[in-house]
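Accompanying notes for the structure given below.
Below, read A as the first sequence line, B as the second, and so on, with proteins coming before strands; counting in each chain starts at 1. Everything quoted here is computed from the prediction, not taken from an experiment.
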Amino acid sequence: MNLFSDIRGAVIEALAAMTVAGQLPEGLDMTAVAVEPPRDPAHGDMATNAAMVLAKPAKLQPRAIAEALAARLSADPRIALAEVAGPGFLNLRLDPSVWQGVVRSALTEGADFGRSALGQGQKVNVEFVSANPTGPMHVGHTRGAVFGDALASLLDFAGYAVTREYYINDGGAQVEVLARSAFERYREANGLDPEIREGLYPGDYLIPVGEALKATYGTSLLDQPEAAWLQDVRDFAIERMMAMIREDLALLNVRMDVFASERAITASGRVEEAITTLRGMGLIYDGTLEPPKGKLPEDWEEREQTLFRSTAFGDDVDRPVQKSDGSWTYFAPDIAYHWDKISRGFDQLIDVLGADHGGYVKRLKAVVSALSNGKVPLDVKLIQLVKLFKNGEPFKMSKRAGTFVTLRDVVEQAGPDVTRFVMLTRKNDAALDFDFDKVLEQSKDNPVFYVQYAHARLCSVLRKAHEAGIAVADNDLAVADLSGLTHPAEQELARKIAEWPRLIEIAARNNEPHRLAFYLYELASVFHGLWNRGNEDPGLRFLQEDNPATSQTKIALARAAGVVISAGLGILGVDPAEEMR
RNA sequence: GGCCCCGUAGCUCAGGGGAUAGAGCGACCGCCUCCUAAGCGGUAGGUCGCAGGUUCGAAUCCUGCCGGGGCCGCCA
């Protein structure tokens with residue numbers, strides 16, 4: 001159930017009845033009518049802007065509409081009080097039974113409470129990570145991985161059919177560099193001095209690859225010319241790198257449905273196909289580009305290239321797809337890849353990219369718009385940098401100094417739960433500070449801990465109640481008498497729980513999983529607050545020693561909060577701890 | 001030069017058309033005979049960068065400017 005959409009339905013129904021009764025003109029657009037939680041709890045449980053939104057088109061005073069609407073809504077048993085306030089808000093106070101209904105829904109629906117039909121089963125492709133298969137993943141990839149995985153889970157929960165996809169850039173020049181680098185390590189494994197020339201990858205992680213090459217090929221490649229071994233060594237090294245990357249993702253509990261290979265897509269003729277399609281639309285032409293403004297590259301030369309008319313879709317300049325020598329630019333496989341995704345029938349595409357790829361957003365959107373006739377929206381989520389700290393001091397990453405912080409370093413130190421939650425405590429387009437010490441702190445300063453602690457406290461209550469012989473299994477609590485949940489502090493928690501389904505839809509609409517992290521923090525805060533009220537007012541304790549029935553009632557509320565915390569953390573990929581150690 | 005992101009409390013950040021703008025940290029004052037005080041309550045703290053505009057209503061949308069960061073190439 002989604003209480004907010006239920007009540008909005010009641011408002012829309014009342015407005016329709018007013019139209020029939022001649023109190024409103026016909027044909028009004030109701031899409032802007034919203035039912036939201038008011039900022040100030042004193043304003044009631046929910047508020048609707050209906051009267052203000054409709055006043056102008058209906059040519060009526062907002063207060064007049066609001067009053068007529070209030071009169072109709074008052075007849076709804078769920079609405080205890082409807083009063084007009086401010087410039088025309090209609091504040092609604094809900095009957096306590098409504099909150100009891102929310103708690104019961106959470107208990108009966110369990111992990112599915114809040115699941116939405118918003119997506120209507122639409123096929124969404126979430127492409128994320130897509131780190132080059134040339135080395136281990138670093139912190140930046142970590143954030144992208146967590147974000148993409150959580151977003152995918154969120155969209156799944158919101159009713160989309162989600163595919164998690166990794167695009168392997170195994171077709172460009174950089175994998176040949178990888179091959180040459182690995183070959184040097186292969187020579188090293190055979191007792192020769194490696195020549196890690198400028199431009200090759202110097203990382204130690206290639207040493208085992210060199211050894212593996214030796215194990216497979218012995219000395220047979222040593223005196224061969226590059227042309228003889230390049231392809232085999234490249235494929236061998238890519239496979240090794242991808243195995244390493246898969247392991248890293250597994251450490252973070254990130255899973256992929258599809259690993260798409262640039263080389264496979266290119267080999268299948270998708271590039272030519274996509275370019276031909278674009279050409280058929282008149283979007284490909286031969287021409288020369290203006291030199292870039294600002295600092296002019298030293299070797300700038302005007303040359304004719306094959307260009308994609310991305311300016312037709314709002315890009316700043318047209319983009320080259322083919323070099324002057326006829327070979328494809330790096331952009332061409334990207335076109336083919338997105339064409340491939342469109343061809344696979346996705347209704348929506350999402351690309352999760354590093355913020356340094358911001359300059360490609362327009363051309364990617366242009367391509368997707370062109371190739372799908374504007375039917376498939378592409379949302380590009382840019383992931384800002386992660387700034388690492390240790391003891392409050394910035395922790396500079398440098399490949400040269402050997403302080404290159406990998407995904408594995410982070411996860412091994414902080415653990416997957418902490419890493420994931422912290423990475424989601426900031427909007428994707430805001431830079432994130434990640435302090436190794438703060439993140440491991442077990443106090444309320446650490447949001448992960450704070451949320452997990454709320455859940456652990458609940459579990460503690462459940463254990464104690466169970467020991468006391470009170471039936472606290474979910475199906476027992478779901479049929480408990482909830483009419484005793486009338487205290488304002490208890491209703492505050494129920495109100496927060498009721499926001500969960502609405503939050504899911506807002507977060508999913510905006511592709512913003514960070515909203516879940518913030519919400520869960522708030523929910524935990526309300527839970528801790530109610531818990532502590534029990535110190536002063538024993539009547540608010542969840543466990544009422546001598547009264548199993550009342551205990552069941554109150555524990556049902558606590559457990560409903562726990563259901564949401566558990567589900568929410570589940571979407572973020574964080575384990576809801578049952579006890580803190 | 002162009003494009004993108006950011007600018008909200010002393011600090012770190014939510015909120016991104018609705019009412020008197022929120023949270024955490026830091027500061028100050030309180031709360032353990034009691035389900036985990038690893039927690040809770042309260043006080044103080046604001047020109048939502050600046051200036052226009054749209055709107056019944058702008059921190060939120062539009063334009064310009066200021067300040068910070070990022071990107072720009074036949075590289076990937």
Q.
Between A:R457 and A:Y453, is there a side-chain donor-acceptor contact under 3.5 Å, judged purely by atom types and distance?
A. yes
Q) If you look at every heavy atom in A:A182 and A:L206, which pair is closest and at what distance? A) N-CD1, 4.3 Å
Q.
Heavy atoms only, 4.0 Å cut-off, all strands: where does A:R319 land among base, sugar-phosphate and nothing?
A. sugar-phosphate
Q: Report yes or no: is there a donor-acceptor pair, N or O only, under 3.5 Å between the side chain of A:N91 and the base of B:A19?
A: yes
Q) Can A:W531 be called stacked on B:G39 when the rule is centres closer than 5.5 Å and an angle between planes below 30°? A) no
Q) For atom P, what is the distance between B:G49 and B:C13, given to the nearest Å? A) 15 Å
Q) Below 3.5 Å, does any donor atom in the side chain of A:R541 face an acceptor in the base of B:C34, or the other way round? A) yes
**Q.** Spacing of the C1' atoms in B:G73 and B:G15 (rounded, Å)
**A.** 40 Å
(Q) Would you say that more than 12 heavy atoms from the other residues, nucleotides or ligands in this model lie under 6.0 Å from the CD of A:Q61, or not? (A) no
Q) Which part of the nucleic acid, if any, lies within contact of A:V175, taking any heavy atom under 4.0 Å across all strands shown: a base, the sugar-phosphate backbone alone, or nothing? A) nothing
Q | Base partner of B:G1, which must satisfy Watson-Crick or wobble distances under 3.5 Å | A | B:C72
Q: Report the base-pairing partner of B:G22 (Watson-Crick or G-U wobble, both distances below 3.5 angstrom), or none.
A: B:C13
Q) Side-chain donor or acceptor of A:Y360 under 3.5 Å from a matching atom on the base of B:C75? A) yes
(Q) For a quick check of understanding: with a heavy-atom distance under 4.0 Å over all strands, which category does A:S324 fall into, base, sugar-phosphate or nothing? (A) base
Q) What is the nucleic acid contact for A:R426, judged by heavy atoms within less than 4.0 Å: base, sugar-phosphate only, or nothing? A) sugar-phosphate
Q | Pairing partner of B:U43 (Watson-Crick or G-U wobble, both distances under 3.5 Å) | A | B:A27
Q. Does the cation-pi check pass for A:R502 over A:F4, that is, NZ or CZ under 6.0 Å from the six-membered ring centre and within 45° of its axis?
A. yes
Q. Distance between the P atoms of B:A19 and B:C61, in whole angstroms?
A. 15 Å
Q: Classify the side-chain pair A:D325/A:S327 by whether it contains a donor and acceptor separated by less than 3.5 Å.
A: yes
Q) Distance between the C1' atoms of B:G46 and B:C31, in whole angstroms? A) 30 Å
Q) Hey, does A:K427 reach any base, or is it just sugar-phosphate, or nothing, if we go heavy atoms under 4.0 Å? A) base
Q.
Less than 3.5 Å apart, any donor N or O on the side chain of A:D351 or A:H357 sitting next to an acceptor on the other?
A. no
Q: State whether the distance check finds a donor on one side and an acceptor on the other, under 3.5 Å, for side chain A:N532 versus base B:G39.
A: yes
Q. Under a 3.5 Å cut-off for both distances, is B:A59 Watson-Crick or wobble paired, and to whom?
A. none
**Q.** Separation of the C1' atoms in B:U20 and B:G26, to the nearest angstrom
**A.** 26 Å
Q) Any idea which of B:C35, B:U55, B:A14 is nearest the A:K56 side chain? A) B:U55
(Q) With a 3.5 Å limit on both atom pairs, tell me what B:C32 is paired to, counting Watson-Crick and G-U wobble, or say none. (A) none
Q. Among the nucleotides B:C75, B:U12, B:C3, which one has an atom lying closest to any side-chain atom of A:K323?
A. B:C75
Q) Across the strands shown, which category fits A:E536 at heavy-atom distances under 4.0 angstrom: base, sugar-phosphate, nothing? A) nothing
Q. Base, sugar-phosphate, or nothing: which does A:A430 touch, judged by heavy atoms less than 4.0 Å apart?
A. sugar-phosphate
(Q) By the 4.0 Å heavy-atom rule, please label A:D356 as base, sugar-phosphate, or nothing. (A) sugar-phosphate
Q.
Over all strands shown, is A:R463 touching base, sugar-phosphate only, or nothing at heavy-atom distances under 4.0 angstrom?
A. nothing
**Q.** Of the listed nucleotides B:U36, B:C71, B:U20, the one nearest the side chain of A:E579
**A.** B:U36
Q.
Need one value for A:F518: base, sugar-phosphate or nothing, where a base atom within 4.0 Å counts as base even if backbone is also close, heavy atoms only.
A. sugar-phosphate
Q. Any luck finding a side-chain donor-acceptor pair between A:Y285 and A:D318 under 3.5 Å?
A. yes
